[in-house]
2 protein chains.
Amino acid sequence: MATIQGVAELAGVSTATVSRALAGKSTVSAATRQKVEDAARELGYVASATASSLASGRTRNVGFVLPVLGSWYYGSVLKGANRALADAGYDITLYHLEDTDRHPERRKRLFAEFLQRKRVDAFIAVSVELTDAELARIHDLRKPMVGVGGPLPGVTTLSLDDVAVASLATSHLTSLGHRRIGFVGGEEGDNLDFQLPRHRREGYEAALAEAGIEPDPRLLAVADFTIQGGYEATKQLLGDPRAHPTAIFAISDETAIGAILAARDLGIRVPDDLSVIGIDGHELGEFFELTTVDQHPVEQGRLAAQALLAELRPDKAATPIAVDLPYELKVRRSTAVPPARQRD
Amino acid sequence: MATIQGVAELAGVSTATVSRALAGKSTVSAATRQKVEDAARELGYVASATASSLASGRTRNVGFVLPVLGSWYYGSVLKGANRALADAGYDITLYHLEDTDRHPERRKRLFAEFLQRKRVDAFIAVSVELTDAELARIHDLRKPMVGVGGPLPGVTTLSLDDVAVASLATSHLTSLGHRRIGFVGGEEGDNLDFQLPRHRREGYEAALAEAGIEPDPRLLAVADFTIQGGYEATKQLLGDPRAHPTAIFAISDETAIGAILAARDLGIRVPDDLSVIGIDGHELGEFFELTTVDQHPVEQGRLAAQALLAELRPDKAATPIAVDLPYELKVRRSTAVPPARQRD
DNA sequence: CTGAAAGCGCTTACAG
DNA sequence: CTGAAAGCGCTTACAG
């Protein structure tokens with residue numbers, strides 16, 4: 001493997017000049033630059049990331065911290081971030097933040113060892129929730145950091161305005177004439193950190209209020225973000241003769257898909273008898289013809305990378321800010337006007 | 001941030017001794033080791049990966065090359081590999097191999113620049129298909145490499161015995177008494193590299209032959225690996241009055257889920273009127289009560305990491321080998337005996 | 001615009 | 001068992 005030394009000899013210049021020429025520094029004459037580039041190409045030379053990092057203090061590598069591997073959402077954010085960072089010459093090193101309950105040792109070691117190795121210049125953290133001690137360790141690193149949708153005090157965070165998103169989804173239903181709108185999602189217990197379910201319910205209630213609709217506790221069903229969870233909760237909701245919703249706002253697209261499948265199993269037609277809307281823009285949404293509020297996760301990753309790259313530029317002072325992520329109502333076949341008998 | 005120098009001073013030894021003590025080298029006295037460990041803990045010292053790599057030639061970092069980000073399968077393999085590698089002290093740097101058609105520049109740059117940076121000691125490549133030129137560049141790197149399920153000449157590869165897996169799935173159906181078994185998957189055109197569809201069809205036909213069943217071309221439907229693809233192909237198959245299968249073997253679990261949904265839409269009950277089996281062990285399989293041959297992707301990642309770690313040990317000579325990955329028939333509710341009228 | 005030289009923070013023969 | 005010293009392959013003030 002060629003080293004900078006080899007390139008310097010072939011080009012007939014010093015290693016300092018090779019370094020400057022290849023880094024695109026402006027203080028190199030065009031002729032010299034050409035000689036160096038030719039030599040580098042001939043030898044197939046690419047600077048060793050390791051040596052370059054040690055000498056410059058910059059690794060050109062970003063740590064990507066995420067709590068889940070193998071899900072559509074995180075993978076999509078990762079894809080968007082990876083593209084933007086790769087285009088800027090950065091690699092991504094993965095830090096899988098395992099669950100404290102299930103893998104306490106792995107999680108501990110992540111903070112005590114892996115994150116401390118100075119392998120990266122900065123971090124992107126997606127939907128990450130940390131204890132105070134963990135957050136303190138992160139801050140001790142003194143590296144730029146951008147969060148996506150997680151509560152990270154003191155960190156620039158891009159997040160969805162969950163209240164607004166839920167309100168938009170619910171308003172879509174009220175504007176179609178629905179007045180009995182079920183909320184499938186909901187919170188169980190009081191999780192101070194994970195406020196997403198509460199925010200989405202607040203948006204739901206705000207939209208109802210705006211349409212002059214009294215909230216009805218019989219229309220609330222607790223569900224998680226999975227198809228299974230949405231299926232079970234919706235079966236409860238639709239099976240209860242006192243509830244009779246004409247529409248359902250589900251907290252996620254997978255929850256909404258579960259709701260659609262539950263309706264089918266009960267002989268309830270979507271959207272003729274029941275409208276269903278979700279939130280996400282999940283890849284499965286198209287197949288199920290699901291109306292949704294798309295949060296564009298790939299784009300979220302790109303925006304996070306962009307914000308981080310801005311912080312990484314020398315001139316920029318890192319002031320933690322909160323940025324609202326874009327979203328978009330996508331109307332598909334799963335929502336329609338309420339059935340005629342309900343409109344009477 | 002503490003350096004090895006700081007630890008050495010606090011412990012009252014040389015930096016060489018600190019390095020040896022923390023690396024667990026046996027040539028350090030217990031007392032000295034204790035002093036060093038105490039000092040390191042007090043200062044929160046963790047060796048810089050960058051400096052350590054440059055000095056030792058080992059990065060303790062593995063490159064993970066994959067063609068798809070955001071899918072359940074790749075994410076699961078990544079999870080398994082990441083756990084095993086992290087437990088051995090390794091980080092993972094991601095290399096997303098973009099499509100040649102859609103992102104030729106990104107792909108080119110991956111081989112010309114990112115992979116050449118010597119950031120990693122070795123590679124894991126999942127379902128990766130390379131041109132000869134790309135493969136040559138990879139081999140030029142002279143780094144250990146393990147493939148999972150992709151055709152990589154000259155590389156140790158773990159893969160599923162696709163013929164055997166498909167034969168097992170089909171035999172499950174014949175053993176239940178099915179004789180008219182549809183194959184939803186199939187190949188279109190002749191892709192020399194991507195042999196998986198052909199292998200699975202061979203297994204299907206072998207199992208039919210073993211049961212003394214004549215293959216019927218009307219029972220073949222071309223579909224990709226998606227729910228949508230399985231849905232459309234199955235609708236064609238079930239809609240054709242000449243085909244009348246009592247069971248379907250789908251090339252993947254998502255294809256099989258599409259098949260189940262297509263059957264439902266046509267009023268065909270699963271498993272009463274139609275049995276369906278897939279291959280994968282997909283997370284959605286449980287919800288749809290899908291019988292499948294589970295290929296345990298998380299375990300695949302773990303096995304790949306394990307094989308790579310073995311090659312990374314100094315004593316081990318790297319001889320490319322092919323290893324069969326484990327799989328397991330998981331019988332759920334989607335398969336049953338054929339309907340009575342068919343058994344007459 | 002270019003080069004000689006120091007230095008980044010470690011590891012590891014070598015010597016004792 | 002331990003230390004002094006060289007060296008890994010770059011980058012970057014400093015000087016010219």
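In what follows, every chain begins at residue 1, and chains take the letters A, B, ... in the order their sequences are listed.
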I want to check one thing: is the phosphate of D:dG9, taken as OP1 and OP2, less than 4.0 Å away from some side-chain N or O of A:Ser48?
no
Salt bridge (charged side-chain N to carboxylate O under 4.0 Å, His left out) filter on B:Arg33, not counting sequence neighbours, yields none
Measuring from the side chain of A:Thr27 (C-beta onward, heavy atoms only), which nucleotide among D:dC8, C:dT2, C:dC10 has the closest atom?
C:dT2
When you check the gap from the basic side-chain N to the acidic O, do B:Arg137 and B:Glu134 get nearer than 4.0 Å?
no
Whether A:Asp121 side chain and A:Thr59 backbone form a donor-acceptor pair below 3.5 Å
yes
What is the distance from CZ of A:Arg33 to P of C:dC1, rounded to the nearest Å?
9 Å
For residues 10-24 of chain A, which residue pairs qualify under side-chain hydrogen bond (donor to acceptor under 3.5 Å, both in side chains), counting only residues two or more places apart or in two chains?
A:Ser14-A:Thr17
The nucleotide from D:dG9, C:dC1, C:dG3 with an atom nearest the side chain of A:Thr3 is D:dG9
Rounded interatomic separation in angstrom, taking CZ from A:Arg117 and C1' from C:dC10:
14 Å
Residue-phosphate contact under 4.0 Å: A:Thr50 side-chain N/O, D:dC10 OP1/OP2
no
All salt bridge (charged side-chain N to carboxylate O under 4.0 Å, His left out) counterparts of A:Asp38, not counting sequence neighbours
A:Arg41
Partners meeting salt bridge (charged side-chain N to carboxylate O under 4.0 Å, His left out) with A:Arg106 (sequence neighbours left out)
B:Asp87
Kindly write out the residues that satisfy salt bridge (charged side-chain N to carboxylate O under 4.0 Å, His left out) with B:Glu42, not counting sequence neighbours, or none if the list is empty.
none
The side chain to side chain donor-acceptor pair (under 3.5 Å) partners of B:Thr50 (sequence neighbours excluded) come to none
Side chain to side chain donor-acceptor pair (under 3.5 Å) partners of A:Glu283, counting only residues at least two apart:
none
What is the distance from CG of B:Asn61 to P of C:dC10, rounded to the nearest Å?
17 Å
Nearest-Å distance for atom pair NZ/C1', residues B:Lys118 and D:dG9:
9 Å
What is the distance, to the nearest angstrom, from the CG atom on A:Leu54 to the C1' atom on D:dC10?
8 Å
Quick check on C:dT2: is either OP1 or OP2 less than 4.0 Å from any side-chain nitrogen or oxygen of A:Thr32?
yes
Could you check how far CG of B:Leu22 sits from P of D:dT2, rounded to whole Å?
14 Å
Output the rounded distance in Å from CD (A:Gln5) to C1' (C:dG3).
13 Å
What pattern of brackets, bars and dots sums up DNA chain D from 5' to 3', given Watson-Crick or G-U wobble pairs under 3.5 Å, [ ] for crossing pairs and | for another strand?
|||.||||||||.|||
Just the rounded figure in Å: distance from P of C:dC1 to CD of A:Gln34.
16 Å
Sugar-phosphate means primed atoms, P, OP1 and OP2; the rest is base. With that split, encode nucleotides 11-16 of chain D 5' to 3' as B, S or - using protein heavy atoms under 4.0 Å.
BBB---
